[in-house]
2 protein chains.
Amino acid sequence: MTRQDPRPLTLRDVSEASGVSEMTVSRVLRNRGDVSQATREKVLRAAKQLGYVPNKIAGALASQRVNLVAVIIPSMSNLVFPEVMTGISRTLEETDLQPVVGLTDYLPEKEEKVLYEMLSWRPSGVIIAGLEHSDAARAMLRAAGIPVVEIMDTDGTPIDSMVGISHRRAGREIGQAIVKAGHRRIGFLGTGVGLDHRARKRFEGFTEALAKGGVEVADQEFYSGGSALAKGREMTAEMMTRSPDLDFLYYSNDLIGAGGLLWMIEKGYDVPGRVGMAGFNGVRLLNGLPRKLATIDSCREEIGRRAAQIIADRLKDQGEPGEKVELAPTIDPGDTMRR
Amino acid sequence: MTRQDPRPLTLRDVSEASGVSEMTVSRVLRNRGDVSQATREKVLRAAKQLGYVPNKIAGALASQRVNLVAVIIPSMSNLVFPEVMTGISRTLEETDLQPVVGLTDYLPEKEEKVLYEMLSWRPSGVIIAGLEHSDAARAMLRAAGIPVVEIMDTDGTPIDSMVGISHRRAGREIGQAIVKAGHRRIGFLGTGVGLDHRARKRFEGFTEALAKGGVEVADQEFYSGGSALAKGREMTAEMMTRSPDLDFLYYSNDLIGAGGLLWMIEKGYDVPGRVGMAGFNGVRLLNGLPRKLATIDSCREEIGRRAAQIIADRLKDQGEPGEKVELAPTIDPGDTMRR
DNA sequence: TTGAAAGCGCTAACAC
DNA sequence: GTGTTAGCGCTTTCAA
């Protein structure tokens with residue numbers, strides 16, 4: 001228990017303390033091969049006694065195996081990726097794999113850097129958000145020779161496997177539903193495009209569906225940063241002042257939509273009678289607000305689970321490269337869309 | 001660019017491709033020592049050409065240095081730890097250190113396991129939430145011989161350094177303020193104690209302050225799981241039905257408090273005239289709700305920043321072991337506390 | 001400025 | 001069931 005020497009403990013220390021060879025100690029600690037009960041106990045006692053913690057760096061180098069899965073996502077501060085992580089963790093917990101997270105802040109350069117850093121630890125697999133990556137990033141992923149699952153989005157061609165929803169389709173479906181419900185003066189409030197490809201695709205699908213119905217977006221406003229609920233309020237106030245005849249507001253995410261909804265309720269608008277509203281994501285955190293915003297579930301936790309499962313299977317030599325999973329989200333009209 | 005061989009690239013490949021010794025290639029790639037411009041360029045070109053990504057496993061084993069900081073926290077799914085992470089990341093970004101996160105779900109056994117896993121990668125430092133750990137966990141942390149910063153809480157004795165607020169004091173201060181404002185029929189709504197030591201300490205400080213003012217908690221209710229906003233609503237409805245004479249509701253976190261506040265507004269209660277309300281954390285996400293709940297900022301991002309700074313300094317041989325930082329949160333009365 | 005040799009702490013493969 | 005040997009891919013150290 002008490003050691004004077006600050007040198008980290010090694011297998012050799014356990015070997016000497018227990019009088020068992022290093023190799024056998026290693027076997028015991030990894031539960032590998034046949035070791036007699038007596039020896040096992042001797043080793044375990046010595047290891048615990050000393051407070052030995054194995055050195056995975058050395059183990060990984062020797063065995064050429066690292067039980068890490070690199071997970072590369074834009075951010076943890078909105079409500080979407082933590083749920084994806086939950087799905088990944090839940091699934092990997094049943095294996096000996098561990099997720100390690102890298103954040104990109106939606107910046108391609110940062111993605112490239114983070115990917116490089118993570119690959120330098122030689123993970124067993126990669127789960128990465130989105131289908132858009134720099135050439136260098138794609139080259140690294142291909143060269144890594146490990147299973148790669150691109151998640152969230154299925155509108156494009158994956159390097160290897162992909163799991164997600166079609167954001168273009170999601171945008172299109174909500175657009176169709178809005179037009180079908182008879183709305184003609186439609187406002188869009190969302191994140192600035194460019195950084196977030198999925199938001200862009202939703203917007204494209206949305207305008208496309210409107211166009212088919214002979215409708216154009218009547219007003220739009222983009223934001224970045226700030227508290228989403230408060231931003232939603234502000235933007236909605238501005239837009240309804242500027243374009244008081246709007247009869248539908250479509251938000252690129254539930255949080256700003258919720259802010260907008262709170263404002264509309266306070267101002268006494270008849271929602272959805274006079275103005276319909278919808279967001280995107282199916283954020284559960286918002287359950288408990290006075291009214292439930294219409295939304296499309298982005299299947300975040302399931303995406304995480306499926307992606308992790310693909311990696312796990314591939315590492316067990318089950319499953320083929322190039323698996324493609326497109327989940328089908330459905331519209332939840334909540335309390336803010338006419339049916 | 002195109003390789004048939006699935007074998008990962010090594011320094012030797014770059015060495016052969018560039019006609020420079022492995023040692024010199026290594027120097028170039030790490031920007032160490034003097035290398036002629038000509039050689040440097042040759043090496044860089046070859047490395048890029050091949051798409052070489054260094055193997056940190058091997059590097060770490062050889063150099064006995066790992067630029068990782070283990071961050072061990074209970075959860076990512078509430079609003080508090082993501083902000084702590086933001087502070088840690090911001091600070092570490094200015095160094096060559098990288099955070100790696102492990103989650104405990106507030107379970108001591110899981111904490112022990114996660115800690116063991118993380119320490120087996122021989123990180124350069126550890127940031128861990130809370131001051132309560134199993135004996136085994138404490139032993140591991142001490143034996144690791146690396147800087148350890150315990151965060152969030154300062155009510156206790158750290159293994160090495162600590163950065164946080166006194167939750168007992170925070171509870172006491174809000175309790176005092178409530179009593180001073182003349183409230184006598186006080187309800188408490190919070191997380192079940194036992195798992196979350198900090199929530200427990202706040203509650204203890206709270207009841208202590210009430211006792212000093214000759215007041216007892218008139219009604220209390222605990223919850224776990226579910227959507228916090230919705231839970232806050234439910235619990236508040238139940239409590240106000242059961243104990244209609246309450247004149248203050250204190251919640252152990254802002255989210256359930258916000259749910260409660262929404263319910264109170266809908267039911268037409270005069271807040272804070274007839275019933276005062278307060279939460280805890282200073283969650284910015286909630287800015288934008290109709291009214292602002294009184295709260296105490298838990299200084300999450302600053303805690304992250306300070307903790308990371310302590311690790312970074314110690315690794316540069318600046319700063320001493322055993323540093324203790326207690327931040328002083330202040331009450332924000334918002335719109336729900338009489339002043 | 002460059003290179004050669006000797007490990008870092010562990011495990012695969014094989015012997016006993 | 002247990003031990004021995006030879007690396008894993010880098011970096012440290014020292015020599016040239």
Side-chain angles (χ1 to χ4, degrees), chain A residues 5-44 46-47 50 52-68 96 117 119-124 144-145, chain B residues 5-44 46-47 50 52-67 96 117 119-124 143-145:
Chain A
D5 194 338
R7 171 181 60 81
L9 292 163
T10 68
L11 258 193
R12 166 174 235 122
D13 295 305
V14 182
S15 165
E16 283 170 1
S18 62
V20 175
S21 78
E22 285 187 41
M23 196 53 235
T24 300
V25 171
S26 169
R27 285 191 184 101
V28 172
L29 265 22
R30 286 178 299 146
N31 289 310
R32 286 299 185 76
D34 294 320
V35 180
S36 73
Q37 191 56 29
T39 315
R40 169 179 307 282
E41 276 167 19
K42 243 192 303 187
V43 169
L44 255 19
L50 294 168
Y52 173 70
V53 176
N55 185 331
K56 285 213 184 170
I57 307 263
L61 182 61
S63 66
Q64 305 282 65
R65 274 187 288 94
V66 180
N67 65 339
L68 260 26
D96 65 343
E117 290 288 338
L119 288 179
S120 74
W121 289 103
R122 300 289 187 267
S124 294
Chain B
D5 192 339
R7 171 181 60 80
L9 292 163
T10 68
L11 259 193
R12 165 174 237 121
D13 295 304
V14 182
S15 166
E16 283 170 3
S18 62
V20 175
S21 78
E22 284 187 44
M23 197 51 240
T24 300
V25 171
S26 168
R27 285 193 184 100
V28 171
L29 265 22
R30 285 177 299 145
N31 290 310
R32 287 298 188 74
D34 294 319
V35 180
S36 72
Q37 191 55 30
T39 317
R40 169 179 306 281
E41 276 167 19
K42 245 193 302 186
V43 169
L44 255 19
L50 295 167
Y52 173 70
V53 176
N55 185 330
K56 285 212 184 174
I57 306 263
L61 182 60
S63 66
Q64 305 281 66
R65 273 187 289 94
V66 180
N67 64 340
D96 65 344
E117 290 288 337
L119 289 179
S120 73
W121 289 103
R122 299 289 188 267
S124 294

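Please read all numbers here as calculations on a predicted model, not as lab measurements. Quick note on labels: first sequence line is chain A, next is B, and so on, each numbered from 1.
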query: Out of D/dG9, C/dT1, C/dG3, which nucleotide sits closest to the side chain of B/Ala62?
result: D/dG9

task: Mind calculating the distance between CG (B/Asn31) and P (C/dT1) to the nearest angstrom?
output: 15 Å

task: Quick one: closest heavy-atom pair of B/Leu61 and A/Ile57, and the distance?
output: N-CG2, 3.6 Å

query: Does A/Tyr52 make a side-chain N or O approach to OP1 or OP2 of C/dC10 shorter than 4.0 Å?
result: yes

message: In this structure, how many angstroms lie between the C1' atom of D/dC8 and the CG atom of B/Leu11, rounded?
response: 13 Å

message: Between C1' on D/dT2 and CZ on A/Arg32, what's the gap in Å once rounded to a whole number?
response: 17 Å

- request: Choose from C/dC8, D/dT11, C/dT11 the nucleotide whose nearest atom is closest to any side-chain atom of B/Leu61.
  value: C/dC8

task: Could you check which of C/dA4, C/dC8, D/dC10 has an atom nearest any side-chain atom of B/Gln64?
output: C/dC8

- request: Could you please name the option among C/dT1, C/dG3, D/dT2 that lies closest to any side-chain atom of B/Asp34?
  value: C/dT1

Integer-rounded Å distance: D/dC10 C1' and A/Arg122 CZ: 11 Å

message: Looking at A/Arg30, I'd like to know if its CZ atom is crowded, meaning that more than 12 non-hydrogen atoms belonging to other residues, nucleotides or ligands lie closer than 6.0 Å.
response: yes

query: Quick one: B/Glu16 CD to D/dG9 C1', roughly how many Å, whole number?
result: 14 Å

Nucleotide C/dC14, atom C1' - distance to CZ of A/Arg27 in whole Å: 10 Å

- prompt: Rounded to the nearest 0.5 Å, how far does CD of B/Glu22 lie from OG1 of B/Thr24?
  reply: 10.5 Å

query: Relative to the 5' end of DNA chain C, which residue comes earlier, B/Val20 or A/Asn55, by the nucleotide with the nearest heavy atom?
result: B/Val20

field: Residue-phosphate contact under 4.0 Å: B/Ser26 side-chain N/O, D/dT11 OP1/OP2
entry: yes

- prompt: Among the nucleotides C/dC10, C/dT2, D/dT11, which one has an atom lying closest to any side-chain atom of B/Ser63?
  reply: D/dT11

- prompt: Would a 4.5 Å heavy-atom cut-off, applied to side chains only, mark B/Lys56 and A/Glu117 as touching?
  reply: yes

- line: From CG of B/Leu9 across to P of D/dC8 the rounded distance in Å is 16 Å

query: Which part of the nucleic acid, if any, lies within contact of A/Arg65, taking any heavy atom under 4.0 Å across all strands shown: a base, the sugar-phosphate backbone alone, or nothing?
result: sugar-phosphate

task: Examine C/dT1: is either OP1 or OP2 under 4.0 Å from a nitrogen or oxygen in the side chain of B/Thr39? Give yes or no.
output: no

field: Distance-minimising heavy-atom pair for B/Arg27 and B/Val35
entry: CB-CG2, 3.9 Å

query: In terms of the nearest nucleotide of DNA chain D, which residue is placed more toward the 5' end: A/Met23 or B/Arg30?
result: A/Met23

statement: Between CD1 of A/Ile57 and P of D/dG7 the distance, given in whole Å, is 23 Å

field: Earlier contact from the 5' end, DNA chain D, for A/Thr24 and B/Thr10
entry: A/Thr24

